Amino acid sequence: MQYWLMKSEPDAFSIDDLQRVKIEPWDGVRNYQARNMMRDQMKKGDQIFFYHSNCDVPGIVGIMQVEKPGYLDHTAFDPEAKYYDPKSKEDNPRWYMVDVKFVKKLKRTISLAELKEQQPLEEMALVRKGNRLSIMPVEKPQWDYILSLL
DNA sequence: GCCAACGTTGGC
DNA sequence: GCCAACGTTGGC
């Protein structure tokens with residue numbers, strides 16, 4: 001069992017959206033590090049923090065889990081799609097995604113500001129300056145510590 | 001292989 | 001809306 005954190009802009013797709021649809025293909029990721037984690041490392045049942053970025057109060061808002069491990073992100077082949085990538089070919093696909101499933105919404109947002117105050121979390125990529133990775137692994141002790149803040 | 005230019009992310 | 005920090009692209 002591994003633990004992860006995935007970012008989404010709530011204007012585009014929020015924890016409430018996930019609660020409504022239950023299962024969502026996490027498409028549109030166009031970053032190689034994130035791609036590699038989805039394609040090679042994420043397993044069904046892995047637990048994931050849902051993080052709201054680019055909003056009034058950025059932070060962790062819920063928990064989801066991997067429902068379907070890495071598979072082709074077909075939206076890269078579609079010229080009409082927002083994240084169309086003409087360099088991703090069907091015979092040599094470049095991008096992958098996973099399906100995620102709603103687990104729960106936290107009773108409050110654990111804000112980035114609060115996370116930055118936590119000494120046990122200072123090694124987390126999330127709180128490091130300039131971090132832009134939209135998917136990152138979370139260590140089990142960090143996962144437990146964050147939940148203990150609730 | 002270097003690096004300038006450009007585009008994107010995301011906090012503030 | 002600004003801008004720092006990155007990642008990508010493409011000329012050389």
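Every chain is numbered from 1, with letters handed out A, B, ... down the list of sequences. A quick note: this is a predicted structure, and the numbers were derived from the prediction, not measured.
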Between [N] ([atom2]) and [X] ([atom1]): distance, integer Å:
X	N	atom1	atom2	result
A/N31	C/dT8	CG	P	6 Å
A/M136	C/dC6	CE	P	13 Å
A/D85	C/dT8	CG	C1'	11 Å
A/N54	C/dC3	CG	C1'	13 Å

Minimum-distance nucleotide (side-chain atoms of [X] versus [options]):
X	options	answer
A/K87	C/dT9, B/dT8, B/dG11	C/dT9
A/K7	B/dG10, B/dT8, B/dG11	B/dG10
A/R94	C/dT9, B/dT8, C/dA4	C/dT9

Counting heavy atoms not belonging to A/D56, are there more than 12 under 6.0 Å from its CG?
-> no

Given the rule that I, L, V, M, F, W and Y join up when any side-chain heavy atoms are under 4.5 Å apart, are A/L147 and A/L149 in one cluster?
-> yes

When you check the phosphate oxygens OP1 and OP2 of B/dG11, does a side-chain N or O of A/K129 lie under 4.0 Å from one of them?
->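 No.
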
Is there side-chain contact between A/W4 and A/V100, with heavy atoms separated by less than 4.5 Å?
-> no

Please work out which of the three classes, parallel, tilted or perpendicular, describes the rings of A/W26 and A/F50, given edges at 30° and 60°.
->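 Plane angle over 60°, so perpendicular.
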
Closer to the 5' end of DNA chain C via nearest nucleotide, is it A/G130 or A/Y32?
-> A/G130

